[in-house]
Amino acid sequence: MSLRIIKTGVLDSIQDAGRFGWQFQGVNPTGVMDRFSASIANMLAGNNPDAATIELHFPASVFLFERPALIALGGADFAASVNGEPVPSLHPIIVNKDSLLLFSAPLHGARTYLAIKGGIDSDEWLGSQSTHLQAMIGGYHGRRLHKNDQLFFKINIDYSSILQNKEFVVLPWKVDQARENGSENSNELFVLPGREWDWLDEKSKADFLSASFTISQQSDRMGYRLNDIPLHVVNSEDLVSSAVSFGTVQLLPNGQLIILMADHQTTGGYPKIAHIISAHQSKAAQLKAGDKIHFRMTDQQTAERLLLKQQLHLLQLQNACTFRLDEFFNK
Amino acid sequence: MPQQKIYEIFPLGDAALTIDFGNSISEKINDTVLNLFYAMRQKPLPGMIEAIPAYSSLSIFYNPFIVKGKIPVNETAFGFMKKETEKFIAGFSWNETPPIRIMKIPVCYDEEFATDLERMAGIKKMDKAEIIRLHYENQYRVYMIGFLPGFPYMGILDEKISLPRKSQPQQVAPGSVGIAGRQTGIYPFNCPGGWNIIGRTPMKLFDPLRQEQSLLHAGDTVEFYPIEKNEFLNLIK
C-alpha cells in the first residue's frame with residue numbers, strides 16, 4: 001500500500017505522455033492534457049518528464065499517503081493542503097505517512113498533475129501507462145480512480161531523516177510556471193491554417209480571427225465545443241475521413257467549432273479549419289467551460305520556433321531540478 | 001505508377017503532415033495509401049512517430065524537436081519532412097499489393113439489435129428482409145480503421161440501402177453494425193454513435209489483450225452472414 005483514494009474525484013486518472021504508434025488501429029494516444037505542467041511536476045519529483053502522473057480535475061480525489069513520498073503538483077491551482085495546511089504547487093514536497101492530501105477550491109486552471117518520485121506502479125498497455133477510458137485498459141485497471149482504490153509507488157524511499165516526524169516538508173526551491181510559448185495571455189491560442197481553412201467564407205474567416213469564442217459545457221478530455229457565432233463554408237463537398245490530431249479545430253455541420261484534445265478520435269470527416277500550435281496546446285488544456293478564447297493565425301516557422309523554445313526551456317528546468325534534488329539528498 | 005504527381009502534401013498542424021491522393025473512395029487509391037503505409041512502417045522517415053492511413057490519405061506524425069536538430073536553422077521541420085516524403089514516394093515501388101484476407105463476420109439482424117431497421121424500412125419503403133439481404137449479400141472492403149479503436153470503415157454499400165447518419169447520436173452497444181451513406185461499420189465499444197444500426201455481431205472488434213487487437217485491418221475483405229438470435233447468444237459467451 002502506498003496511496004489510497006479516500007474520496008472519488010470527478011475525473012481523475014493515471015496519464016503519461018501518451019501512447020503512440022497504434023493510431024492505424026484506431027487507438028488514440030490519450031495521455032495528459034497539459035503535457036507542459038505534467039512534465040514540470042515530474043521534473044520536480046525527479047522523474048522522467050514523460051512519466052505517469054495522476055491527472056486531477058476539480059472536485060479532485062482526496063488521497064491518504066500510507067507511506068512517505070516525495071511529490072510535486074503542477075498545472076491548475078486547486079488550493080492543495082496536507083492535513084489542513086496549505087501546500088504550494090511547483091515545489092517538491094515530502095509528505096509523511098498517514099497524511100491527507102486534498103484540494104479545496106478551483107482557483108485557477110482546469111487540471112492539476114500529481115507526480116510521485118520514482119513513479120506510480122500501474123498497468124502498462126502498448127508501451128504506455130495512460131488510462132484508455134474507451135478501451136478500458138492502461139493506468140488503474142483502465143478506469144478513472146474511485147474511492148478505496150490503492151496505488152503503489154514503483155519504489156519506496158526512506159525520508160525519515162528529512163521528515164523527522166513532521167507531517168510534510170516543502171523543499172526550498174520551485175520552478176516558474178511561465179510556459180515560454182511567445183504569448184503568456186492564457187486566452188490567446190496561436191493557430192495554423194487547416195486544410196479546409198479556405199472553405200470558410202470571407203466573413204467567417206474574419207470572425208474566426210477576431211471574435212472571442214466560449215468553451216461550452218460540452219467539453220471534456222476528447223474535445224472542447226465552442227459556442228457563439230456560427231461559421232459558414234462556401235464548399236459543401238463531403239469529405240472522406242482522414243487523420244486529425246491534438247489541437248485540430250474542426251467545423252461541425254451546425255457551424256460550431258470543436259477543438260480536439262487528448263482523447264480525440266484518430267480520424268474525422270469534418271472540415272479542418274485550423275490547428276492549435278504544439279507550444280499552445282498545454283495552455284489550451286487549462287481552459288474550462290465558460291472561458292473565452294481568441295485565435296491568432298501564425299505560420300509554420302513561428303510555430304516550430306516556439307515549440308523549440310518551450311522544449312529547450314523544459315530541458316533547462318529538468319537539469320536544474322535534477323541538480324537541486326541531487327544536491328539536497330547528497331548533502 | 002505515377003509519372004506526374006498524383007498527390008498533395010499539406011501540414012496537419014506543426015507536428016504532422018498529410019499526403020492527400022484526392023478526396024474520394026476508390027480501391028485503387030486506398031491500395032496506394034496502404035502500400036505506402038506498410039513501406040513507411042518498414043523504413044520510417046527521420047523523426048517520424050507514426051503514420052495513419054485513411055480512405056485516400058496517409059498522415060505522418062513526427063517530432064519537430066528531433067527533426068529541427070537535424071536540419072539548417074532556416075529550414076522548417078515541415079519543409080524537411082515534405083521533401084523526405086517526396087523522396088520516399090519517388091523511390092518507392094508501387095507494384096506490391098498488400099495481402100488480402102477474407103473475413104467472415106456473423107451478424108444477427110434480430111429486431112432487438114437492429115434498432116434503426118424499422119425506421120429505415122419506412123424511409124426507404126422497403127421490406128426489412130430486403131434491406132438485410134442487400135446488406136449481407138455484398139462484399140465489402142475495409143478502407144480504414146479509425147474514429148475508435150478497431151472501428152472499420154467499409155464500403156461500398158448498395159445505393160438502395162444507403163442512408164445518411166442520424167442527426168442526433170444515440171448510445172450504441174458494442175458489436176452494433178451500422179450504415180452511414182454508402183459505408184457500413186461496426187462499433188467496437190459502447191458509445192454515442194450516429195450510424196443507423198441494423199444488426200449486431202457477437203465478434204469482438206477490438207480486444208486490448210489480443211495479439212492483434214483489432215479484428216479487422218485496412219485492406220481486408222469482409223463478408224457478413226446472418227445468424228439467429230440463439231446463435232448470437234451462444235457465440236457471445
Side-chain angles (χ1 to χ4, degrees), chain A residues 18 20-29 125-126 132 134-138 142 190-195 237-249 253-254 265-269 272 274-279 281 298-308 310-312 314-315, chain B residues 8 10-16 18 20 22-25 37 41 49-61 63-65 67-69 74-79 143-153 167 181 183 188-191 205-209 212-214 216-218:
Chain A
F20 293 91
W22 303 91
Q23 293 199 70
F24 72 98
Q25 286 202 355
V27 179
N28 43 344
W125 177 58
L126 304 180
H132 198 295
Q134 191 96 52
M136 294 182 288
I137 193 158
F190 285 14
V191 292
L192 291 169
R195 170 72 158 165
E237 202 182 329
D238 266 341
L239 275 174
V240 298
S241 287
S242 64
V244 291
S245 121
F246 196 130
T248 297
V249 183
N254 64 4
Q265 53 194 60
T266 57
T267 57
K272 294 177 278 290
H275 302 276
I276 295 170
I277 66 168
S278 296
Q281 287 166 8
T298 187
D299 56 30
Q300 207 73 30
Q301 206 118 28
T302 310
E304 290 183 10
R305 183 172 53 76
L306 293 175
L307 175 62
L308 218 61
Q310 193 174 54
Q311 293 288 324
L312 290 171
L314 281 173
L315 278 178
Chain B
E8 263 184 89
F10 62 89
L12 186 71
D14 56 17
T18 296
D20 183 6
N23 182 33
S24 67
I25 300 182
F37 167 67
R41 286 229 315 164
I49 297 167
E50 63 181 314
I52 309 182
Y55 273 109
S56 57
S57 66
L58 182 67
S59 296
I60 296 166
F61 287 70
N63 183 332
F65 189 68
V67 175
K68 283 294 270 184
N74 55 358
E75 194 177 359
T76 61
F78 169 70
Y143 282 90
M144 57 183 273
I145 304 289
F147 170 46
L148 291 172
F151 186 103
Y153 284 81
S167 53
Q183 310 169 97
F189 301 104
N190 199 317
C191 67
L205 268 287
F206 190 88
D207 183 346
L209 299 177
E212 297 226 327
Q213 295 92 6
S214 182
L216 299 173
H217 301 168

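The sequence lines fix the lettering, A, B, ..., with proteins before strands; numbering per chain opens at 1. Nothing here was measured: the structure is a model prediction, and the numbers come from that model.
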* To do: Answer with side chain, backbone, both or neither: which region of B:Y143 has an atom nearer than 4.5 Å to a non-hydrogen atom of chain A?
  => neither
* Asked: What is the minimum heavy-atom distance between B:S59 and A:A243, and which atoms define it?
  -> OG-CB, 3.3 Å
* Asked: Using non-hydrogen atoms only, which part of B:N190 is less than 4.5 Å away from chain A: side chain, backbone, both, or neither?
  -> backbone
* **Main-chain N/O of B:T76 paired to A:Q301 side chain as donor or acceptor, under 3.5 Å** => no
* **Under 4.5 Å from a heavy atom of chain A, the part of B:F65 involved** => both
* Structure fact -> Scored by heavy-atom pairs under 4.5 Å with chain B, the best of A:A303, A:G21, A:P193 is A:G21
* Contact part of A:L308 toward chain B, heavy-atom cut-off under 4.5 Å: side chain, backbone, both or neither? -> both
* Asked: Quick one: salt bridge (charged side-chain N to carboxylate O under 4.0 Å, His left out) partners of B:E212, sequence neighbours excluded?
  -> none
* Structure fact -> Under 4.5 Å to a heavy atom of chain A? For B:S167 that would be neither
* To do: Would you mind checking which part of B:A218 comes under 4.5 Å of any heavy atom in chain A, side chain (CB onward), backbone (N, CA, C, O), both or neither?
  => neither
* **Side chain / backbone / both / neither for B:A16 at chain A, heavy atoms under 4.5 Å** => neither
* Do you know which of A:T248, A:N28, A:L307, A:L239 has the most heavy-atom pairs with chain B at a distance under 4.5 angstrom? -> A:L239
* Test item: B:N23 side-chain N/O and A:V240 main-chain N/O as donor-acceptor pair under 3.5 Å -> yes
* A:W22 to B:E50 - nearest heavy-atom pair and separation -> N-OE1, 3.2 Å
* Structure fact -> Whatever's closer than 4.5 Å to a heavy atom in chain B on A:I276 counts as neither
* **Distance-minimising heavy-atom pair for B:S214 and A:Q25** => N-OE1, 3.5 Å
* Below 4.5 Å from any heavy atom of chain B, which atoms of A:N254 appear? Answer side chain, backbone, both or neither. => neither
* Residue B:Q183 versus chain A: region with a heavy atom under 4.5 Å -> neither
* To do: Indicate the ring-plane relationship of B:F37 and A:F24, choosing parallel, tilted or perpendicular according to the 30° and 60° boundaries.
  => tilted
* Asked: Between A:R195, A:E237, A:K272, which shows the greatest number of heavy-atom pairs under 4.5 Å with chain B?
  -> A:R195
* With only heavy atoms counted, which part of B:F189 is less than 4.5 Å from chain A, the side chain, the backbone, both or neither? -> side chain
* Is the closest side-chain heavy-atom distance between B:F206 and A:V27 below 4.5 Å? -> yes
* Closest non-hydrogen atom pair, B:G13 against A:Q300 -> O-NE2, 3.1 Å
* Asked: For B:F78 and A:E304, which heavy atoms make the closest approach, and how far apart are they?
  -> N-OE2, 3.0 Å
* Asked: With no hydrogens and no angle check, is any side-chain donor or acceptor of B:D14 less than 3.5 Å from a backbone partner on A:S278?
  -> yes
* Nearest-0.5 Å distance, CZ of residue B:F61 to CD of residue A:Q23 -> 5.0 Å
* Given side-chain contact (heavy atoms from CB on, under 4.5 Å), test A:Q134 with B:L148 step by step and report yes or no. => CA-CA 8 Å; A:Q134 191 96 52; B:L148 291 172; 3.4 Å; yes
* chain B interface, residue from A:A279, A:S245, A:A274, A:S241 that has the most non-hydrogen pairs under 4.5 Å -> A:S241
* Measure A:V244 against the heavy atoms of chain B and call it side chain, backbone, both or neither at under 4.5 Å. => backbone
* Asked: If you look at every heavy atom in B:I52 and A:T266, which pair is closest and at what distance?
  -> CD1-O, 4.3 Å
* Side chain, backbone, both or neither: which part of A:L315 has a non-hydrogen atom closer than 4.5 Å to chain B? -> side chain
